[in-house]
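As the structure is a prediction and not an experimental result, all values here were calculated from the model. Sequence lines set the chain letters: A, B, ... in the order given, protein chains first and strands last, and positions in each chain run from 1.
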Amino acid sequence: MSEDQRLTKRSEDFSAWYNEVVLRAELADYSPVRGCMVIRPRGYAIWELMQRALDDMLKATGHQNAYFPMLIPESFLAREAEHVEGFAPQTAVVTRAGGKELEEPLVLRPTSETIIYAMFAKWIQSYRDLPLLINQWANIVRWEKRTRLFLRTTEFLWQEGHTAHINEEEAETEARSILALYRRFMEEWMAMPVITGLKTESERFAGALRTYGCEALMQDNKALQAGTSHNLGQNFAKAFDVDYQTAAGQMDYVWNTSWGVSTRLVGALIMTHGDDKGLVLPPRLAPVQVMIVPIWKTDADRVAVLQVSHRVSEVLRESGLRVEVDDRDGMKPGAKYYQWELRGVPVRLEIGPRDVAEGQAILARRTGGKVPVKMDEISEFVNETLEMLQRSLLDSAKSRQAQNSVRDVTMDQLVELMAGKGGFAYGGFCGNAACEQRIKDETKATIRVIPDPDFQSERKPRKCVACGEAATTEAVWAKAY
RNA sequence: CGGGGCGUAGCGCAGCCCGGUAGCGCGCCUGCUUCGGGAGCAGGAGGUCGCCGGUUCGAGUCCGGCCGCCCCGACCA
């Protein structure tokens, strides 16, 4: 019976494990429409916590929220040549509405650059209107061929920031500082280390001058692009006539950036911290941080234990924590333990008659270990434990990433690595697209980023992994989601 | 879009080869006993066997077609 209830082990079949965690922890479910997903309350609560944290960070850096419509005239996409080429195959188009054919088809936004810059063109007249820093929380539709819960679905939720600046330097600073902001969010909130850097030409966003990315290494040693930030240059400004009068009285086009993270981050969280018992949530993003499980035999025990449990819950809530009491009848404590472990709750407090008598509770950490805690120290102790868990999740994810990163690889090593265990492979790159393609063909690995200084190897690789000519830069390869 | 797998109760599956009253485990409902790591007993509810057609006295089972989902590859946040 308990055999049935066990998850597939990560080592047996990582994909099966991932799907089981998502479904059984009730984060999401499949929808009647192929490729779409329903985000269930337990999953949506995680996204809401992510949203709140990111929204605060973006507002603190001067960005304002707005909302632009989901339906975009098809002709808008076409105005920026590279952009339309990149997105046309993925768009869903409304051709019929109100009982008749539309004069112009409407695209369900695959991203909002076109509609937003069309509006920017109306709103920006003078250099005094710049910079314009806009963010929106929205849904997006991209007709993906192969979908996976949270990681790639036909419709998903995200935030997309769109900014307009007076010159290239300002736009570049914006794109880079958002990348840094994402990194900070991923490390401090998700406890997920990433490497940041520049995307190569082949992975650049359609219509951008430069694309930057945050890449995280999942437990199956595949990389997941967790966030992107683009310096769009003046491409969209020119396509949509976003011009303004400079201080000197000349007309000039603005410089734009756009950047986003999506509900994919929920998938990243699962694949970064989850274990064979299920979901493991970092405390700062756990919808329930502490689950109190009362234990009783007799009715008298039951009354006393529940009373203490609710009082502890109140005390912890007053200290700012998200706490619940699992007072369900007819389910044994052990069964509750397994269930909340599957659902990723960081800390569990077990309170039984013996604990009530001794003025204590048993604290169980999701990552392992039980310890008795005196009632009069419980608030402080639980808070400290949660902070410790948050730190230790980041630490162990960091060391896993470090252990699965190889520096200064040769072509042979790269081939062997990607055929075997995978991971991040750092090596020299000549900058030639042909070399990038050849490596992709031979290893199925792609360049995830040209790493930022924080992530570069101490000894710079001298030669290109593929051709052996002088390297112009270091690159990080991995098989990617 | 190619390769593989699977569609039978909410979930996981058996039954199909060899046609003859649709089953098992978990879950669910009721009651009693339980409760410190996935409870026990008793009773009960729940199915157009993915869809359409064919063969047959009779199809979950045989034949033909279609659809859907999952996994692996080519394309992507």
| Partners passing side chain to side chain donor-acceptor pair (under 3.5 Å) against N432(A) (at least two apart in sequence or in another chain) | none

| remark: Answer for the Watson-Crick or wobble partner of C69(B), both distances under 3.5 Å, is G5(B)

| query | Reckon R348(A) touches a base, only the sugar-phosphate, or nothing at all at heavy-atom distances under 4.0 Å? | reply | base

| task | Check for a donor-acceptor pair, side chain of Q136(A) on one end and backbone N or O of F68(A) on the other, with a separation under 3.5 Å. | result | yes

| Taking a pair as Watson-Crick or G-U wobble with both distances under 3.5 Å, which nucleotide is matched to C24(B)? | G12(B)

Find every protein N or O atom lying less than 3.5 Å from an N or O atom of nucleotides 4-9 of chain B, and list the pairs.
none

| Which whole number of Å gives the distance between the C1' atom of C16(B) and that of C49(B)? | 11 Å

| When you compare G38(B) with G23(B), how far apart are their C1' atoms, in angstrom units rounded to a whole number? | 25 Å

| task | From the options G37(B), A39(B), G36(B), select the nucleotide whose nearest atom is closest to the side chain of K370(A). | result | G37(B)

Distances for protein N or O near nucleotides 68-77 of chain B N or O, under 3.5 Å:
residue, atom, partner, partner atom, Å
C69(B), OP2, R34(A), NH1, 3.2
C71(B), OP1, N19(A), ND2, 2.8
C72(B), OP1, S15(A), OG, 2.6
C72(B), OP2, R146(A), NH2, 2.4
G73(B), N7, R146(A), NH1, 3.4
C76(B), O2', E144(A), OE2, 3.2
C76(B), O2, R152(A), NE, 2.1
C76(B), O2, R152(A), NH2, 2.9
C76(B), N3, R152(A), NE, 3.4
C76(B), N3, R152(A), NH2, 2.7
A77(B), O3', Q225(A), NE2, 2.7
A77(B), O2', R264(A), NE, 3.4
A77(B), O2', R264(A), NH1, 2.3
A77(B), O2', R264(A), NH2, 3.4
A77(B), N6, T153(A), N, 2.9
A77(B), N6, T153(A), O, 2.8
A77(B), N3, S262(A), OG, 3.1

| said: Can you confirm whether or not the ring centre of H162(A) sits under 6.0 Å from the ring centre of Y117(A)? | reply: yes

| field | Interatomic distance at C1', U8(B) relative to G46(B), whole Å | value | 14 Å

